[in-house]
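Written out below as structure tokens is the structure these notes cover.
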Amino acid sequence: VQLQASGGGLVQPGGSLRLSCAASGRIFRINVMKWYRQAPGRQRELVATITSRGSTNYADSVKGRFTLSRDNAKNTVYLQMNSLKPEDTAVYSCNAAITSYTSSSLQTDDFWGQGTQVTVSS
């Protein structure tokens, strides 16, 4: 199983980006998926969480601006980021608990995607 994050880039303040985190492999179910971010010199911050049933939770700093959604058929979670601010600049990484098929059973493990850089600057 692999996680692939994409969608980062350079955007002006007030702009939007959509990050994607796609899982591939012998996947039975993506359980909880989380987006984290880490800015230079700062601790990693949990930005948003979505459960297998679609329940979401957001950090106070992004509430009302960021929206999570998931496409279970594509094993993909999207983080829509609107009204971006310079303080949103960071490397964003996705993390998921994924249940996958083994040769004889199901197994749940924790996976990380590679980071994607988001830069908000004029």
Discussion item. Hydrophobic cluster membership, with links at side-chain heavy-atom distances under 4.5 Å among I/L/V/M/F/W/Y: are Tyr78 and Leu84 in one?
Written reply: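 Looking at the clustering, Leu84 is in a separate group from Tyr78.
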
Item to complete: Walk me through it: do Asn31 and Arg29 pass the test side chain to side chain contact (heavy atoms under 4.5 Å, CB included)?
Response: CA-CA 6 Å; Asn31 302 304; Arg29 181 180 60 234; 2.6 Å; yes

Return yes if some donor-acceptor pair links the side-chain N/O of [X] with the main-chain N/O of [Y] below 3.5 Å, else return no.
X: Thr116; Y: Gly8; value: yes
X: Gln114; Y: Ala5; value: yes
X: Arg70; Y: Ile30; value: yes
X: Tyr58; Y: Leu68; value: yes

Just checking, is any N or O donor in the side chain of [X] or [Y] under 3.5 Å from an acceptor N or O on the other one?
X: Arg44; Y: Tyr36; result: no
X: Asn75; Y: Ser24; result: no
X: Thr108; Y: Thr99; result: yes
X: Glu45; Y: Ser61; result: yes

Worksheet item: For Gln107 and Tyr101, what are the C-alpha separation, side-chain angles and deciding distance, and is it a side chain to side chain contact (heavy atoms under 4.5 Å, CB included)?
Response: CA-CA 6 Å; Gln107 179 175 309; Tyr101 296 96; over 6 Å; no

Discussion item. Is it the case that atom CD in Gln2 sees more than 12 heavy atoms from other parts of the structure closer than 6.0 Å?
Written reply: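 No, the 6.0 Å shell around CD holds no more than 12 heavy atoms from other groups.
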
Discussion item. One pair to check against side chain to side chain contact (heavy atoms under 4.5 Å, CB included): Phe28 and Ile98. What are the steps and the verdict?
Written reply: CA-CA 8 Å; Phe28 172 73; Ile98 297 176; over 6 Å; no

Fill in: Steps toward side chain to side chain donor-acceptor pair (under 3.5 Å) verdict (Asn82, Ser16)
CA-CA 4 Å; Asn82 298 328; Ser16 298; 2.9 Å; yes

For [X] against [Y], the heavy-atom pair lying closest together:
X: Leu46; Y: Ala59; answer: O-CB, 3.5 Å
X: Ser20; Y: Thr76; answer: CB-CG2, 4.3 Å
X: Arg65; Y: Ser83; answer: NH1-O, 3.0 Å

Worksheet item: Do Pro86 and Pro13 have side chains that get closer than 4.5 Å, going by heavy atoms?
Response: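 Yes, at least one pair of side-chain atoms sits under 4.5 Å.
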
Worksheet item: Salt bridge between Lys85 and Asp88, side-chain N to carboxylate O under 4.0 Å?
Response: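 Salt bridge: no.
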
